[in-house]
2 protein chains.
Amino acid sequence: MKQRITLKEISKRLNVSISTVSKALSDSPEISDKTKEVIKAFAKEHNYKPNNIALSLKNQKTKNIGIIVPEIVHHFFSSIINGVERYATGKGYNVVVCLSDESFEKEVITAQMLANGSIDGFILSLSKGTQEKQDFHHLNEVINQGMPIVMVDRVTEHVACDKVIIDDTQGAYHAVSYLIEKGAKKIGLITMPDYLSVGRLRAQGYIQALTNAGFEVNPEHVLKLEELNGGQEEIKTFIEKHDFDAVFGVTEYFAVTAMKAAQKMGKRIPEDFSVIGFTDGIISQCASPALTTVSQHGEDIGKQAAMMLIDRLENEGRELKYNTNVLKTTLIHRESTK
Amino acid sequence: MKQRITLKEISKRLNVSISTVSKALSDSPEISDKTKEVIKAFAKEHNYKPNNIALSLKNQKTKNIGIIVPEIVHHFFSSIINGVERYATGKGYNVVVCLSDESFEKEVITAQMLANGSIDGFILSLSKGTQEKQDFHHLNEVINQGMPIVMVDRVTEHVACDKVIIDDTQGAYHAVSYLIEKGAKKIGLITMPDYLSVGRLRAQGYIQALTNAGFEVNPEHVLKLEELNGGQEEIKTFIEKHDFDAVFGVTEYFAVTAMKAAQKMGKRIPEDFSVIGFTDGIISQCASPALTTVSQHGEDIGKQAAMMLIDRLENEGRELKYNTNVLKTTLIHRESTK
DNA sequence: CTGAAAGCGCTTACAG
DNA sequence: CTGAAAGCGCTTACAG
């Protein structure tokens, strides 16, 4: 268990100064070729690697970026992280992944911890708790301390920073319009509570599509679920109670659960009952029949966010204005619609 | 955009030495109560937070751990990361997540980068490329430099370190035995190439179960797939060619793909055709019918690995022996079996 | 009770 | 061409 070798150690062993070693290894023209050669050979032989921590302290930048997501065992969020990781690694940055567990308190603690110098900036998607509480002081504080942040997907207008979102309303609008176009007359909506921005916006798209087609919007046809990974019973009752010929689910989980409920009732998909979900994840692909869904392109979102963050980090001089990048969604046609 | 305040700045503003400020903030008994009070009040007002990087350099430990996984958009691996993150955060550690993309080269680069001082140790699951190449010098090098690593799930005996695995053979054995018990006579196996440890071990379990029941093992009934997220065509052909009454898939993806192929052929699940998969992920839960599967408890694996790593980091004095922690699997009964 | 000094591992402006 | 010094932000053994 030999310790890693340092410049100091090399300088001692080679009887030169630390400065000389440092310069030689960075190939400075100040140093003679002969000295460089000796030093480089020795460094290589002993597998010298500069200590990142020391460099960070010296340079006042860590080349680390953080990302805080509500959960990680989730196709959409892990796709975002994937996009961030890929871009960041390409630019020489490491990614520190943190979870808020949908909790306001944990988000606050995590944001403060990240602000303690171990990273240069971070990306975050608001937790459920924070959106419910509408308290964003922790983020504004961090920004005030000079740390750039980029918000993705679950954002708020109460924090001034770069953002990457998708057009949730439009995505939902297209999906529901498609259902109507294919002949659906009675379309149910399964969504989240209004304080969750994406739920609210997607519900708007549903309403717009119905209105636009001259349908009436019946509040009875809308189910709002608190629990993002549960509510199977409620969905079952909802599907059984109304005689829908189509359902739009605001997550792929909602959609597939609705589809399974309809199947259990003996409905044929898509002849008797069509379904469209949101998020093109593994659930949609593996369901039988496979789900038609609105793809959010999570990896793109992550990539864009990482790009904006790193851009800002590397152009600290010129103050850029904050941007909001709105990405397009795509309707992916599969077997759950006609 | 005010910069974060440092001890130096506080000492200047309060006309005391840096040492005094440092001691006061750590509540040292050396400092008078009055001085402490003043300094603490000032620090609080200006929201002083010690710079983590400086602490890391001073303490020679970063309180960061790394994790390298082949991919992240994957239920099993994201579950492992989840388990690691939870435990590590509780212990005051940050988690740096890196991807190898199943590539040997990327794994080498990533391991070397992580060894450059930004973390205290890391957890890793071997990439496909590394297992194919059977080259582990990068890991042994890192260990030689004094950085502890813990391997999870995809491990090798050529690296001496702590490991957390599941009993793959036994998990597969139980699954296939269950199929036999329920009356299956002709059971297909969909697995990975032998150089992937988990594929090899699970295939062994399949063979043991058949042999134990007095069945003959027919190599024709075994399909080995290189592509972990593909092979739909091969699976379809395989299912169509043989008249299986059950299939055991070594991943949930293989299992669900086999099930869909059987369904398309008009087979009823589980009356005509039973399926069991491996990994209790979202795919298994959302498939229709829901998949019976061998749960690997990914989150537990992550938690155990983080525990072993942090244990080693915090007990550096006494050299602990390397351990291999073998976790039990559980067969989760759902709708794809009788 | 307070402060100057050394040190963690590095870089770089400045002397020689 | 080489090296001593200062500095990044902190802690701590040692003086006073």
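Just the heavy atoms: all of them, side chains too, but no hydrogens, waters or symmetry mates, feed the values below. Below, chain A is the first sequence line, B the second, and so on; all start at residue 1.
Residues B:Pro148 and B:Leu309 are in side-chain contact: their nearest non-hydrogen atoms beyond the backbone lie under 4.5 Å apart.
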Apply salt bridge (Lys or Arg N to Asp or Glu O under 4.0 Å) to A:Lys303 and A:Glu299, showing your working.
CA-CA 6 Å; A:Lys303 184 182 166 189; A:Glu299 192 160 341; over 6 Å; no
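The ring pair (Phe, Tyr, Trp, His ring centres under 6.0 Å) search around B:Phe136 returns B:His158, not counting sequence neighbours. In terms of the side chain to side chain contact (heavy atoms under 4.5 Å, CB included) criterion, residue partners of A:Gln112 (sequence neighbours excluded) are, by chain and number, A:Val108, A:Glu141. Qualifying side-chain hydrogen bond (donor to acceptor under 3.5 Å, both in side chains) partners for B:Tyr322, counting only residues two or more places apart in sequence or in other chains: none. With sequence neighbours excluded, the residues that form a side chain to side chain contact (heavy atoms under 4.5 Å, CB included) with B:Ser127 are B:Ser100, B:Glu102, B:Glu107, B:Thr130. Remark: A:Lys23 pairs with A:Glu30 by the salt bridge (Lys or Arg N to Asp or Glu O under 4.0 Å) rule, at least two apart or across chains. Partners of A:Val38 by side chain to side chain contact (heavy atoms under 4.5 Å, CB included), not counting sequence neighbours, listed by chain and number: A:Leu14. Residues passing the side-chain hydrogen bond (donor to acceptor under 3.5 Å, both in side chains) test with B:Ser32, sequence neighbours excluded: B:Thr35. For A:Ala24, the side chain to side chain contact (heavy atoms under 4.5 Å, CB included) partners two or more places apart in sequence, or in a different chain, are A:Ile31, A:Lys36, A:Ile39.
Using a 4.0 Å heavy-atom criterion, one finds that B:Lys58 contacts the bases of the nucleic acid, with or without backbone contacts as well.
Helical stems in DNA chain D, defined as runs of 3 or more consecutive Watson-Crick or G-U wobble pairs with both donor-acceptor distances under 3.5 Å, are listed by first residue as C:1-3 with D:14-16, C:5-12 with D:5-12, C:14-16 with D:1-3.
Judged by closest nucleotide on DNA chain D, B:Leu57 is the one of B:Leu57 and B:Glu30 placed further toward the 5' end.
A salt bridge links A:Lys106 with B:Glu85; the closest basic N to acidic carboxylate O contact falls under 4.0 Å.
Ring geometry, A:Phe42 versus A:His46: the interplanar angle falls under 30°, so the pair is classed parallel (tilted spans 30 to 60°).
Taking the P atom of each, C:dA6 and D:dA4 are spaced 15 Å apart, rounded to whole Å.
In summary, contact between chain B and DNA chain D, defined as any nucleotide atom under 4.0 Å from a heavy atom of the protein, begins and ends at D:dC8 to D:dC14 in the 5' to 3' direction.
Proximity of a side-chain donor or acceptor of A:Glu314 to a complementary backbone N or O of A:Asp311 within less than 3.5 Å is not detected.
Remark: B:Val16, B:Ser17, B:Ser19, B:Thr20, B:Lys23 in residues 11-27 of chain B come within less than 4.0 Å of DNA chain C through at least one heavy atom. Of the residues in residues 32-42 of chain A, A:Ser32, A:Thr35 come within less than 4.0 Å of DNA chain D through at least one heavy atom, sorted by number.
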